[in-house]
S.K.: 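Here you go, one structure.
Lettering follows sequence order; numbering is per chain, from 1.
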Amino acid sequence: MPELPDVETFKRYIDSTSLHKTIEKAQVMNKKILEEISKNNLEQGLQGTRFVESDRHGKYLFLKTTENQWMVVHFGMTGFVKYFKDESDKPNHTRLLLRFDNNYFFSFACQRMLGKIGLIQNKEDYIEKKGMGADALEVSYDLFEEKLKKRRGMAKSALMNQSIISGIGNIYADEILFQSGIHPKTKMNQLTENDFQTMYQKMQEIFDIAIKAKVDTDEFPETYIIPNRTKDGLCPKGDKKLKKTKVNGRTTYFCPVHQDKK
DNA sequence: CTAGATGTTAAGGT
DNA sequence: CACCTTAACATCTA
């Protein structure tokens with residue numbers, strides 16, 4: 001799940017459930033998710049503090065503690081968070097478990113262990129060190145076009161490159177290109193000014209709609225390709241079968257009729 | 001049993 | 001040097 005809209009949805013969920021509660025206990029259940037910190041240092045760094053503020057950059061989530069540090073969360077491919085009261089509701093692949101002073105729990109779960117959690121002093125330095133580009137919801141049109149138009153590789157690869165623009169993943173890259181009528185293998189440097197304007201506008205619109213729908217694909221517009229990204233999926237604009245290919249080593253769906261720009 | 005699944009990164013190649 | 005592509009990571013399911 002976790003592309004920009006998913007992470008934004010987690011952020012809002014955390015804002016409404018988990019801020020301003022003292023963390024009485026922190027338990028790292030699996031060390032593989034730790035990013036440059038020991039189990040003990042993360043647990044001790046969290047215990048006794050409260051989360052007071054949250055932020056998101058691309059697919060990364062930041063939670064500020066009363067000690068002026070940030071817990072940075074990356075969800076990998078299978079990560080999610082859950083706030084719950086009854087211990088029997090604890091998710092299966094919980095890797096970090098917090099208990100608040102109201103006896104509710106906070107779980108960070110990730111089945112495939114591709115997620116990461118760290119504790120950092122400075123959010124801006126971290127973003128810089130990771131080489132992240134501007135957040136997809138904050139990037140200006142001029143920067144969007146300037147960064148993308150020189151790229152020689154395939155359009156989809158460039159959209160998914162986090163160092164150019166942060167937040168677009170495999171699923172939403174397919175949606176942006178479908179809504180823009182651009183074939184995913186088109187070379188980015190062959191697109192026109194008009195194409196970049198369309199992609200920029202569609203990117204904003206799609207993320208906006210996905211976030212408002214809380215990422216529930218049942219609530220997505222009928223014209224979206226995301227719910228149809230399956231074997232035998234049909235184009236929502238014409239009933240022709242979608243094509244499946246690989247870009248960047250990732251499964252890519254597109255409509256050969258509506259994405260002929262190449 | 002094998003292939004593939006929303007992500008990132010290191011290593012190799014242009 | 002800047003950019004592009006691929007494999008690997010760990011686990012589970014179709």
S.K.: The side chain of A:R151 is closest to which nucleotide in this list: B:dT6, C:dT5, C:dC3?
M.R.: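 Among the listed nucleotides, the one closest to the side chain of A:R151 is C:dC3.
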S.K.: Atom CG of A:L61 to atom P of B:dT6: distance rounded to whole Å?
M.R.: 22 Å
S.K.: Please state how far atom CD1 in A:I33 lies from atom P in B:dG7, giving the value in whole angstrom units.
M.R.: 19 Å
S.K.: Should B:dT6 form a Watson-Crick or G-U wobble pair with both distances under 3.5 Å, which nucleotide is its partner?
M.R.: none
S.K.: Within the supplied structure, the quantity of interest is the number of heavy atoms (other residues, nucleotides, ligands) at a distance under 6.0 Å from A:K147 NZ; does it exceed 12?
M.R.: no
S.K.: Between A:K149 (NZ) and C:dA2 (C1'), how many Å, whole number?
M.R.: 18 Å
S.K.: When you get a sec, tell me which of B:dG7, C:dT6, C:dA10 is the closest nucleotide to the side chain of A:R250?
M.R.: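 Among B:dG7, C:dT6, C:dA10, the one nearest the side chain of A:R250 is B:dG7.
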S.K.: Output the rounded distance in Å from CD (A:Q162) to P (B:dT9).
M.R.: 9 Å
S.K.: Side chain of A:Q111, heavy atoms from C-beta onward: which of B:dT9, C:dT11, B:dT6 has the nearest atom to it?
M.R.: C:dT11
S.K.: Rounded to whole angstroms, how far apart are NZ on A:K32 and P on C:dA8?
M.R.: 18 Å
S.K.: Should we count CG of A:D239 as having more than 12 external heavy atoms under 6.0 Å?
M.R.: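 No - once you tally the heavy atoms of other residues, nucleotides and ligands closer than 6.0 Å, there are 12 at most.
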S.K.: Kindly point out which of B:dG7, C:dC4, C:dA10 is positioned nearest to the side chain of A:M160?
M.R.: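 Taking heavy atoms from C-beta onward, the closest nucleotide is B:dG7.
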S.K.: Answer yes if the side chains of A:N194 and A:T192 hold a donor-acceptor pair under 3.5 Å, and no otherwise.
M.R.: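 A:T192 and A:N194 do not have a side-chain donor-acceptor pair below 3.5 Å.
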S.K.: Nearest of C:dC12, B:dT6, C:dA10 to any side-chain atom of A:H93?
M.R.: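 Of the candidates, C:dC12 comes closest.
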S.K.: Mind checking whether A:F10 and A:R56 have side chains closer than 4.5 Å, heavy atoms only?
M.R.: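 Heavy-atom side-chain distance check fails, nothing below 4.5 Å.
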S.K.: At less than 4.0 Å, is any side-chain N or O atom of A:K130 found next to OP1 or OP2 of B:dT9? Yes or no.
M.R.: yes
S.K.: Grab the CZ-P distance between A:F108 and B:dG7 for me, whole Å please.
M.R.: 14 Å
S.K.: Nearest whole angstrom, please: distance from the P of C:dC12 to the CE of A:M77.
M.R.: 15 Å
S.K.: Would you mind classifying the nucleic acid contact of A:K246 as base, sugar-phosphate or nothing, using non-hydrogen atoms under 4.0 angstrom?
M.R.: sugar-phosphate
S.K.: In whole angstrom, give me the gap between the P atoms of B:dT6 and C:dC4.
M.R.: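 Taking atom P in both B:dT6 and C:dC4, they lie 22 Å apart.
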S.K.: Work out how far the C1' atom of B:dT9 is from that of C:dC12, and round it to whole angstrom.
M.R.: 23 Å
S.K.: Is any side-chain heavy atom of A:F196 closer than 4.5 Å to a side-chain heavy atom of A:K149?
M.R.: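 Yes, close enough: below the 4.5 Å cut-off.
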S.K.: When we call it a touch if two heavy atoms are under 4.0 Å apart, what does A:N161 touch: a base, just sugar-phosphate, or nothing?
M.R.: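 Contact class for A:N161: none.
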S.K.: Is the phosphate of B:dG7 approached by A:H74 (side-chain N or O, under 4.0 Å from OP1 or OP2)?
M.R.: no
S.K.: Given atom NZ of A:K150 and atom P of C:dC4, what is their separation to the nearest angstrom?
M.R.: 11 Å
S.K.: Watson-Crick or G-U wobble partner for C:dA10, using a 3.5 Å limit on both distances?
M.R.: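 Across any shown strand, C:dA10 pairs with none.
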S.K.: If you look at every strand shown and take non-hydrogen atoms under 4.0 Å, does A:G249 touch a base, only sugar-phosphate, or nothing?
M.R.: nothing
S.K.: Return the nearest nucleotide to the side chain of A:R152; candidates are B:dT8, B:dG7, C:dC4.
M.R.: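 Nearest to the side-chain atoms of A:R152, counting from C-beta on, is C:dC4.
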S.K.: Which part of the nucleic acid, if any, lies within contact of A:L114, taking any heavy atom under 4.0 Å across all strands shown: a base, the sugar-phosphate backbone alone, or nothing?
M.R.: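 Here A:L114 touches the bases of the nucleic acid.
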S.K.: Under 4.0 Å from OP1 or OP2 of B:dT8: is there any side-chain N or O of A:K59 that close?
M.R.: yes
S.K.: By nearest nucleotide on DNA chain B, pick out whichever of A:R112 and A:E35 is the more 5' one.
M.R.: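 Whichever sits nearer the 5' end wins; that is A:R112.
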S.K.: Using the salt bridge (Lys or Arg N to Asp or Glu O under 4.0 Å) definition, which of the options A:K244, A:R250, A:K243, A:R229 pairs with A:D174?
M.R.: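 The residue from A:K244, A:R250, A:K243, A:R229 that satisfies salt bridge (Lys or Arg N to Asp or Glu O under 4.0 Å) with A:D174 turns out to be A:R229.
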